[in-house]
Novice: 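Pasting in a structure now, in structure tokens, and then I'll have a few things to ask.
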Amino acid sequence: MPVLNAEVLGITALSLRIAVTATVAACAIGVPLGFWLGGTRFQGRRGVLVVLNTALAFPTVVIGLLLYLLLSRHGPLGGLGLLFTWRAIVVAEVILAAPIAAALTAAAVQSVDPRVRRTALTLGAGPLATAWAVAREARFALAAGVVVAFGRVFSEVGAAMIVGGNIRGETRTLTTAVALATSQGEFSLAIGLGLVLLALALTVNVLIQLLQGRDDA
Amino acid sequence: MLEARGLRHTYERRTVLSLERVTLAPGTRLALVGPNGSGKSTLLRLLAFLEAPEAGELTLRGLPVRSARERRAARHRVTLVEQRPYLFRGTVLANVAYPLRLRGTPRAAAEAAARGALERLQLGVLTGRQARSLSEGEVQRVAVARALAAQPDVLLLDEAVSAADRAAQHALFAAVAEEQGRRPLAVAFASHLLEEAYRWSNDLLALHQGVSVPVTPENLFRVELPGGGGMQPVAIGGITLDVVCDRSGPATLAIPPEEIVLSREPLHSSARNTLPGRVVRIAEQGAAVRVTLDTGVELVALVTRRSVEEMGIALGTRLFASFKTVAIRIF
């Protein structure tokens, strides 16, 4: 059963590229937002957190549909020509994963001992250095947020299918390929692709675990 | 160096602090004494510029500190060690070097200075240890070393040595005093141990429900509590007092001068402690009079001028001093 042929490798590479790009972008947006939400008291903060937590459970196909309508040729953002490109999938995944990164970061920051902030401040830290001190103390919880965001992105199929179109060689990811192979009755291919997906998810988690375990007694 | 005037602060509409003036000049070792909830920690947080007072003005080196930006700058010069200090993940050395790293000191220089700070507090053996593996007392001492490494103008300690043993407390205060000999440094420390406060301070601020109260260093006695719970007989000099306390071992007794009743005859009352004595000193204190009675140990009683006149109290007068057992405070 020639599972690891060039096509499968191409699909895998594309999946990883999309997942990594989307995770990085989602964290770049979500982590600072989470820091702000977790560390600042302001009117309406609870409301924002409720919206954010709702976004965690957002059906991926709904995001896919909305984005499809926005990006389609006659949609408001149709001019960008993003629909049915891997970049469109990245955009969809970022919309799905950024709330996860934000909500888990906010929770991580809130769970940090309040003395951390006071200690950094009284030792002379400015706002950035204080946030960094909080991040260092919360790094396990923060890393967990990144892992969950990556997991969502990597295993997502609905939105990727809708805005990517599952085009062979262009927007076919591991998940959409598994869905297609299954619907075509090619179960051995589907299982093979599924195993690749599982192995990669495992590898990424192990890597992050190792990264966390470092330099901590 | 650091001065506060007209300080007022409230939490949930309750006034927790109201002080006319607090001054911390270089060389000062101000002890803040008072029971829990008397405002010591609030005052220290305000002096540390971690919170803004609701009213009042703080000046550092003669310059007013009002805005958030000014408070941030002031925190470079003033540092607070909390009662349960927090050490960051990582080694003791990294923790003590942290304030220097924040100030832009290169790593090697910061670590060298941190080692020096740890040595001065006799904590050299902890240098390479993980912060998480330290005992509570060790954490407190490392936190003081970290605060001193920041080279502050003002060091604030909130019960910062409560978990350290006696030798460690001694080393710590000695190191702080030594640091004061080296450079201009003002220190304020909160303590519920009167003895510690008297021993290490050169200035004293007693707080009660957020306001400054006059401190009475009189009628403090070091005693050995026999233990046994409930009512205990305690020997002080040549006399014996009844004390209600569950503790045993060394303690400090305080008999507030305003709780002592003077009489010509022994009182038959609920006051269990009645001691005969002779008046050896009489001094005015505002509208009141401090009468010192030699009962075997010297006891100071605070009475009104009118009582002194009506009872004809003079030097040498023989009187009885009575006070309730529950009026005796034990620290």
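Heavy atoms only: backbone and side chains are in, while hydrogens, waters and symmetry mates are out. Each chain gets a letter, A, B and so on, in the order its sequence line appears, and its residues count up from 1. The structure displayed is predicted, hence computed values, not measured ones.
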Novice: For Val81(B), is it the side chain, the backbone, both, or neither that has a heavy atom closer than 4.5 Å to a heavy atom of chain A?
Specialist: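 It is neither, since no heavy atom gets under 4.5 Å.
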Novice: Any salt bridge linking Glu179(B) with Arg183(B)? Criterion: basic side-chain nitrogen under 4.0 Å from a carboxylate oxygen.
Specialist: yes
Novice: Using heavy-atom distances under 4.5 Å, tell me whether Pro85(B) contacts chain A through its side chain, its backbone, both, or neither.
Specialist: backbone
Novice: One thing to verify: whether Arg84(B) and Glu82(B) come together as a salt bridge, which I'm taking to mean a side-chain N less than 4.0 angstrom from a carboxylate O.
Specialist: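 Here Glu82(B) does not pair with Arg84(B) in a salt bridge, since their nearest N and O are not under 4.0 Å apart.
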Novice: Between Glu156(A) and Arg152(A), does any side-chain N to carboxylate O distance fall below 4.0 Å?
Specialist: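 No, no charged N to carboxylate O under 4.0 Å.
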Novice: Given heavy-atom pairs under 4.5 angstrom as the criterion, report whether the side chain, backbone, both or neither of Tyr98(B) touches chain A.
Specialist: side chain
Novice: Using the ring centroid of each side chain, check whether Trp132(A) and Phe35(A) are separated by less than 6.0 Å.
Specialist: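 No, they do not, as the ring centres are separated by 6.0 Å or more.
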Novice: Would you mind telling me which of His76(B), Arg75(B), Arg72(B) has the largest number of heavy-atom pairs within less than 4.5 Å of chain A?
Specialist: Arg75(B)
Novice: Quick check on Leu50(B) against chain A: is it the side chain, the backbone, both or neither that has a heavy atom closer than 4.5 Å?
Specialist: side chain
Novice: Cation over ring, Arg146(B) on Phe88(B), under 6.0 Å and within 45°?
Specialist: yes
